[in-house]
Amino acid sequence: MSGVRGGPAAEFAVAVRTQAWLGEGPTWDGDRERLIWVDILNSRVHTFDPSDGARTVLATEQHAGAAKPRTGGGLVVNLRDGIGLYGPDGTFSWLHREAVPGRRGNDAAVAPDGALWAGTMPYGEQTGGGDLKRVTGDGTAVTVLPEVTVSNGIGWSPDGSLMYYNDTPTRRVDVFDVPSQRDGSSGADVSGRRPFAEIEEGAGYPDGLTVDAEGCVWVALWDGGAVRRYTPDGRLDRTVALPVPRPTACAFGGTDLRDLYVTTASVGADPAAHPLAGSLLVLPGAGQGLPQPAFDG
């Protein structure tokens with residue numbers, strides 16, 4: 001049983017027991033009713049079907065920060081040297097290649113308009129060594145945020161008017177205004193960056209996030225051993241303690257999008273003290289998620 005404050009009791013289960021070095025980026029693929037997630041440092045893309053436990057593993061040529069479904073089938077992957085595409089038949093091609101020594105792709109998310117927002121980070125986590133780009137299906141890439149350090153969680157409010165974002169070392173979840181594209185603005189024209197929630201000293205660092213149907217923001221806390229839920233006004237609403245020190249990201253999945261899947265990391269964890277570190281965990285019935293769009297490319 002997980003420790004829960006500010007909400008009903010929630011029992012976690014182990015969806016996939018494994019020891020991923022850096023499990024990340026859970027995404028529910030609604031068309032195929034499966035969860036996609038990555039093990040960044042092992043260069044693996046995993047899928048998991050909760051209906052029958054079926055799993056697949058795709059080995060990538062480079063560290064894979066995130067993988068998302070495409071509208072026509074296959075995957076878009078945020079790799080070390082840029083954005084790659086896997087076709088339904090497994091063939092690979094580059095969509096946007098931008099190799100920067102000492103840098104790799106990290107977390108990514110697909111916006112309501114079908115564009116991919118893909119972050120990078122330096123392997124040494126040097127301040128300002130990463131960025132956040134918006135990449136469209138034709139390969140056009142626009143840098144929206146330069147000089148970030150560890151680009152992480154990205155998500156949108158249910159009406160698409162707000163975007164949430166984590167640069168992990170800041171210990172903040174920030175929020176941006178997203179203009180309507182009906183007024184001629186591009187999807188990259190986010191503005192008004194401001195703090196949404198701050199993680200206090202000793203509680204860990206904000207990693208991946210997801211937004212639920214009520215507009216609440218769920219954040220995995222690296223080195224915090226927990227997932228938190230914040231209301232749309234930035235108030236801490238719920239804390240779910242987990243049996244691992246480094247949860248990395250969370251996403252709703254299952255046929256009704258009510259189960260919260262949480263990826264975790266084994267890197268830096270004592271396997272004797274934390275045998276589930278690196279496993280894919282799930283909190284059944286944790287809330288109500290939103291359908292996630294596929295990459296339009």
Side-chain angles (χ1 to χ4, degrees), residues 5-7 24-25 65-66 106-112 115 117-122 125-134 142-180 185-242 246-252 260 262 287 289-290:
R5 300 185 294 279
E24 263 284 6
N106 204 43
D107 204 1
V110 179
W117 288 65
T120 63
M121 61 169 285
E125 299 186 17
Q126 296 90 344
T127 301
D131 65 7
L132 177 67
K133 286 183 171 66
R134 177 180 182 267
V142 176
T143 299
V144 180
L145 295 178
E147 298 182 359
V148 301
T149 302
V150 181
S151 188
N152 252 317
I154 313 159
W156 287 265
S157 60
D159 65 1
S161 67
L162 299 172
M163 185 184 84
Y164 300 94
Y165 175 71
N166 296 335
D167 183 0
T168 293
T170 67
R171 277 208 170 94
R172 291 194 321 268
V173 181
D174 288 344
V175 60
F176 295 77
D177 297 313
V178 180
S180 170
S185 63
S186 81
D189 292 333
V190 296
S191 62
R193 183 177 184 172
R194 55 201 179 273
F196 170 74
E198 298 196 20
I199 311 302
E200 67 274 15
E201 186 85 23
Y205 296 84
D207 203 324
L209 64 79
T210 193
V211 183
D212 67 21
E214 296 179 354
C216 296
V217 179
W218 295 75
V219 186
L221 298 181
W222 175 270
D223 281 341
V227 172
R228 285 183 174 181
R229 181 183 193 247
Y230 289 90
T231 61
D233 61 1
R235 177 179 56 85
L236 177 59
D237 174 65
R238 187 177 179 194
T239 299
V240 181
L242 296 170
R246 289 180 164 177
T248 57
C250 52
F252 283 95
L260 188 72
V262 183
L290 294 165

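Atoms considered below: every heavy atom in the structure, side chains included; atoms not considered: hydrogens, waters and symmetry mates. For clarity, every value in this text was computed on a predicted model and none was experimentally measured.
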Minimum heavy-atom distance between [X] and [Y], given as atom pair plus value:
{"X": "Thr127", "Y": "Thr149", "value": "CA-OG1, 3.4 Å"}
{"X": "Pro122", "Y": "Gly129", "value": "CD-C, 3.6 Å"}
{"X": "Glu24", "Y": "Gly65", "value": "CB-O, 4.4 Å"}
{"X": "Asp189", "Y": "Pro179", "value": "O-CD, 3.0 Å"}
{"X": "Asp159", "Y": "Ser157", "value": "OD1-OG, 2.8 Å"}
{"X": "Gly289", "Y": "Ala213", "value": "O-CB, 4.1 Å"}

Side-chain donor-acceptor pairs under 3.5 Å in residues 201-209, sequence neighbours left out?
residue, atom, partner, partner atom, Å
Glu201, OE1, Arg171, NH1, 3.3
Tyr205, OH, Arg171, NH2, 3.1
Asp207, OD1, Asn152, ND2, 3.3

[X] [atom1] to [Y] [atom2] distance, which is reported to the nearest 0.5 Å:
{"X": "Cys216", "Y": "Arg235", "atom1": "SG", "atom2": "CZ", "value": "8.0 Å"}
{"X": "Trp222", "Y": "Ile199", "atom1": "CH2", "atom2": "CD1", "value": "15.5 Å"}
{"X": "Leu132", "Y": "Glu147", "atom1": "CG", "atom2": "CD", "value": "13.5 Å"}
{"X": "Thr239", "Y": "Leu221", "atom1": "OG1", "atom2": "CG", "value": "7.5 Å"}

(message) With side chain to side chain contact (heavy atoms under 4.5 Å, CB included) as the criterion, how do Phe196 and Asp174 come out once you've worked through the C-alpha distance, each side chain's angles and the decisive distance to 0.1 Å?
(response) CA-CA 5 Å; Phe196 170 74; Asp174 288 344; 5.9 Å; no
(request) Ignoring hydrogens and angles, tell me if any N or O in the side chain of Asp167 forms a donor-acceptor pair with the backbone of Val150 under 3.5 Å. (result) yes
(request) Enumerate the residue pairs fulfilling salt bridge (Lys or Arg N to Asp or Glu O under 4.0 Å) with a member in residues 214-224, sequence neighbours excluded, ordered by first and then second residue. (result)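 Found Glu214-Arg229, Asp223-Arg246.
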(request) Identify whether the distance between the nearest side-chain nitrogen and carboxylate oxygen of Asp177 and Arg194 falls below 4.0 Å. (result)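 Counted as a salt bridge, because a side-chain N and a carboxylate O are separated by less than 4.0 Å.
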(message) Applying the side chain to side chain contact (heavy atoms under 4.5 Å, CB included) criterion to Trp156, which one of Tyr164, Phe176, Trp117 satisfies it?
(response)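 Running side chain to side chain contact (heavy atoms under 4.5 Å, CB included) over Tyr164, Phe176, Trp117 with Trp156 returns exactly one hit, Trp117.
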(request) Apply side chain to side chain contact (heavy atoms under 4.5 Å, CB included) to Arg134 and Val190, showing your working. (result) CA-CA 11 Å; Arg134 177 180 182 267; Val190 296; over 6 Å; no
(request) Would you mind reporting whether Thr168 and Met121 have side-chain heavy atoms less than 4.5 Å apart? (result)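 They are not in side-chain contact.
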(request) Could you check if a side-chain atom of Val227 sits within less than 4.5 angstrom of a side-chain atom of Val219, using non-hydrogen atoms only? (result)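 When only atoms from C-beta onward are counted, Val219 and Val227 do not touch, as no gap falls below 4.5 Å.
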(request) Could you pull out all residues at least two apart from Tyr165 that satisfy side-chain hydrogen bond (donor to acceptor under 3.5 Å, both in side chains)? (result) Ser151
(request) For the pair Val211 and Met163, evaluate side chain to side chain contact (heavy atoms under 4.5 Å, CB included) and give the outcome as yes or no after the intermediate values. (result) CA-CA 10 Å; Val211 183; Met163 185 184 84; over 6 Å; no
